[in-house]
Structures are given as structure tokens and as C-alpha cells.
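Below is one structure, written out as C-alpha cells; the observations come after it.
None of these values were measured; they are calculated from a predicted model. Every chain is numbered from 1 and lettered A, B, ... according to where its sequence line falls, protein lines coming before strand lines.
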Amino acid sequence: MSGQAFRWRKMGDAWEGVIGNHWVRLTAQPNAIHAKAAERITDWGWLTEYLQTDLQLDSILLTFPHDDAMRASVAACHGLRLLRQDPWECLASFILSSTKQIVQIQQIVAALCVRFGTSLPVPEGHEPVHAFPTAERLALATEQELRACKMGFRAPYLLKTARMIVSDNVNLGRLKYLNVDQARDELRRLPGVGNKIANCVLLFAYGFQQAFPVDVWVMKALRQLYFPKRRPSPKRLLHFTQTYFGPNAGYAQQYLFHYMRSRRNRRLPSEARRRRG
DNA sequence: TCAGACCCTCACAG
DNA sequence: ACTGTGAGGGTCT
């Protein structure tokens, strides 16, 4: 899984997670994905939308720039796709992500769901699972209750954001009708949401393919692969990320992100030591 | 434009 | 095994 969603767990050869109010177990088949839910499902639209199964990945990859870095990234992340997440869940999750390791984000989100999410139907004998808490529910929480979910200084951000959503100060449903820059400005009105998190939400929840989140990993990739000599100015960097990678820059970003992280994960211990010295 | 603060947890040296 | 230290999908002031 890509790491753009924080609620999936690998169980043997399957992935288990929650989409909206559905528990699901996904298993890779030779030329398909097998899905199992807890209840009888007549309309699987929510799942195909989430997985973006209609999207032709090949045609996306064709729009990437033809350079060594992108070629290496595509080769290293074969078949990587973006999910289409629920805007509120995506927004809240990424508010919780700042200066946290991905494992820690997963733990915070899990705690939040157990504490504030409604419990969902699961298969016989399966451990209980919970929906992601609604903005309405979190708006009624106290900062202290949120801090109990280990989110630290992010608690007031999440709380105030939830209240702004509930009071319709910012309307998440309306963003899809705006252009990408207007939508970004709107998201940035929320406390705890800067450029990076706004771009994550634009890309992962609304499908603005040109949104290009720059986090520490992508910054590392850009500097290493495209600006080896000198650090680019923020303005130069912004211009580069919005022009060089083409109409699906956000997709390209995700390939770079995973390329960098996979290299980190396979780093030799000797390399780790050198980094410290 | 730029530090420094912000909560907390885990990995890693020693 | 145990403890001190640093940094982690940033944002705000």
C-alpha cells in the first residue's frame, strides 16, 4: 500500500481496512482484486471509486518526464496507484501527520477511530473495527480528549478544523467545483493546514492531479535528483514542480516519494552510521 | 524570510 | 537491559 492512507493492515496475503462505513479485505488476484466485505454488497461503486480501477495507469505514466530519476522511480514502484480518499478523513489524517513518522500517524489514527468512531459490522470472530470519526463527533470533543489519542500539539488544530467544517465556515463538498488554486486557498484557511497538507488533500481526496505535495522525502528526492549543485529557492522549486512533471505531477510526486523511501528502507547499516557522523 | 516552539514516540548509540 | 538523544509526510508566530 502506498502510505497515502493510514488504516490498512496486511494480514497474510490480504489487506484489511475501512472505507467509509465498510470493513473490507482485499486480495490480489492474477488479473484482478478480490474484495470481501462484512455485509452483502449490491453496489461496489464506493470501492471502485476508492481504488480508481477505471483509471488507465499506462496513460498517466506516459505523461511523466523522460529522465533517469523518473525511470528509476517508476521501475522501483511498479503498479503504484493513487487512491481516492474521503476528503474529511484525508484532511484530518494529514493534519495529524506533521513531523510524525508514518507508523506513529497510523497509531494516532487508530486511537482516534477507536475512541470516536462508530463501530462497524465485521466477519464472525473478527476483532472490532471503527469508522473514521465524523467532523461532527470530533467537534464535540475536548482538546484534552484528543490529546489522549497521542496527537500532541496537533489536537487544537484538529479540533478547530472540525468545528470550522461543521459550522460550514469551510465547505469540503464545494471544493471540487473550484480550480486547484482556489481550492488550496480554501483549505489553507483551516488551522494546521499549510501548503503541504493542502496539496495532499487536493491530490488524494479530490484528484487534482497537478497538486504536488513537497514533504521532507520529496524535497530530498528533488534536491538529489534535479538540483544536485545548489539548493533551489522556494520560488524556483515551486515553479519547477508545477511545470516540469506535466499534467499528472501529483502522480509523479508519489513515485518519487516511494522511490526515496524504498531506498531508505533498504539502506545498509553502514550507511546509517555514516549519516550520523 | 527565519528561527524556534510545539507534543509525543520510537529507533538507535553508548 | 537501560538510558540519553535526535528526529519524524509541518505549521504557526
Subject >> Closest contact, heavy atoms only, A:A205 versus A:R84 >> reply: O-CD, 3.2 Å
**OP:** Could you list the residues that satisfy salt bridge (Lys or Arg N to Asp or Glu O under 4.0 Å) with A:R9, not counting sequence neighbours?
**Re:** A:E127
Subject >> C:dA1 versus B:dT9 - spacing of their P atoms, nearest Å >> reply: 23 Å
Subject >> Pairwise ring-ring contact (aromatic ring centres under 6.0 Å, His included) hits with a residue in residues 178-215 of chain A, at least two apart >> reply: A:F94-A:F204, A:F212-A:F245
**OP:** Return the value, rounded to whole Å, for the distance between atom NZ of A:K160 and atom C1' of C:dT11.
**Re:** 12 Å
Original post:
Distance-only, no hydrogens or angles: does the A:R154 side chain make a donor-acceptor pair with backbone N or O of A:M151 under 3.5 Å?
Top reply: yes
Name the atoms and distances for all side-chain donor-acceptor pairs under 3.5 Å in residues 36-49 of chain A, with sequence neighbours left out.
from, atom 1, to, atom 2, distance (Å)
A:D43, OD1, A:G45, N, 2.8
A:W46, NE1, A:D43, O, 3.2
A:T48, OG1, A:G45, O, 3.1

Subject >> Interatomic distance where CE belongs to A:M219 and C1' belongs to C:dG8 [whole Å] >> reply: 16 Å
Subject >> Length of the line joining A:W217:CH2 and C:dG10:C1', which is rounded to integer Å >> reply: 16 Å
Subject >> Whether A:R81 side chain and A:L55 backbone form a donor-acceptor pair below 3.5 Å >> reply: yes
**OP:** Please list, chain by chain and in numerical order, all residues satisfying salt bridge (Lys or Arg N to Asp or Glu O under 4.0 Å) with A:R115, sequence neighbours excluded.
**Re:** A:E145
**OP:** Check each residue of residues 101-111 of chain A for a non-hydrogen atom within less than 4.0 Å of any atom in DNA chain B, then write out the ones that pass by number, or none.
**Re:** A:Q104, A:Q107
**OP:** Apply side chain to side chain contact (heavy atoms under 4.5 Å, CB included) to the pair A:L225 and A:D67, showing each step before the final yes or no.
**Re:** CA-CA 10 Å; A:L225 304 172; A:D67 63 42; over 6 Å; no
**OP:** Write out the stems for DNA chain B, ordered by first number and formatted as range with range, counting runs of at least 3 consecutive Watson-Crick or G-U wobble pairs under 3.5 Å.
**Re:** B:3-6 with C:10-13, B:8-14 with C:2-8
Original post:
Are any side-chain N or O atoms of A:W217 and backbone N or O atoms of A:L256, one a donor and one an acceptor, separated by less than 3.5 Å?
Top reply: no
Original post:
At their closest point, which heavy atom of A:L158 faces which heavy atom of A:A92, and how far apart are they?
Top reply: CD1-CB, 3.7 Å
**OP:** Report the distance from atom CD1 of A:I102 to atom CZ of A:R261, rounding to the nearest 0.5 Å.
**Re:** 3.5 Å
Original post:
If the P atom of C:dG4 is compared with that of B:dC7, how far apart are they to the nearest Å?
Top reply: 23 Å
Original post:
Base, backbone or nothing for each nucleotide of nucleotides 1-7 of chain B, written B, S, -, heavy atoms under 4.0 angstrom, 5' to 3'?
Top reply: -----BB
Original post:
Around A:K10, counting heavy atoms of other residues, nucleotides and ligands shown, do more than 12 lie under 6.0 Å from its NZ?
Top reply: yes
Original post:
Sequence neighbours excluded, which residues qualify as side-chain hydrogen bond (donor to acceptor under 3.5 Å, both in side chains) partners of A:D68?
Top reply: A:R71
Original post:
In whole Å, what is the span from the CG atom of A:L96 to the P atom of C:dG10?
Top reply: 13 Å
Original post:
With A:H239, which residues qualify under ring pair (Phe, Tyr, Trp, His ring centres under 6.0 Å), at least two apart?
Top reply: none
Original post:
Which ones in residues 186-212 of chain A lie close to DNA chain B, meaning a heavy atom under 4.0 Å from one of its atoms?
Top reply: none
Original post:
A:M260 and A:A221: which non-hydrogen atoms are nearest, and at how many Å?
Top reply: CG-CB, 3.3 Å
Original post:
Considering residues at least two apart in sequence or located in another chain, which fulfil the ring pair (Phe, Tyr, Trp, His ring centres under 6.0 Å) criterion with A:H130?
Top reply: none
Original post:
In residues 244-253 of chain A, which ones come under 4.0 Å of DNA chain C, going by heavy atoms?
Top reply: none
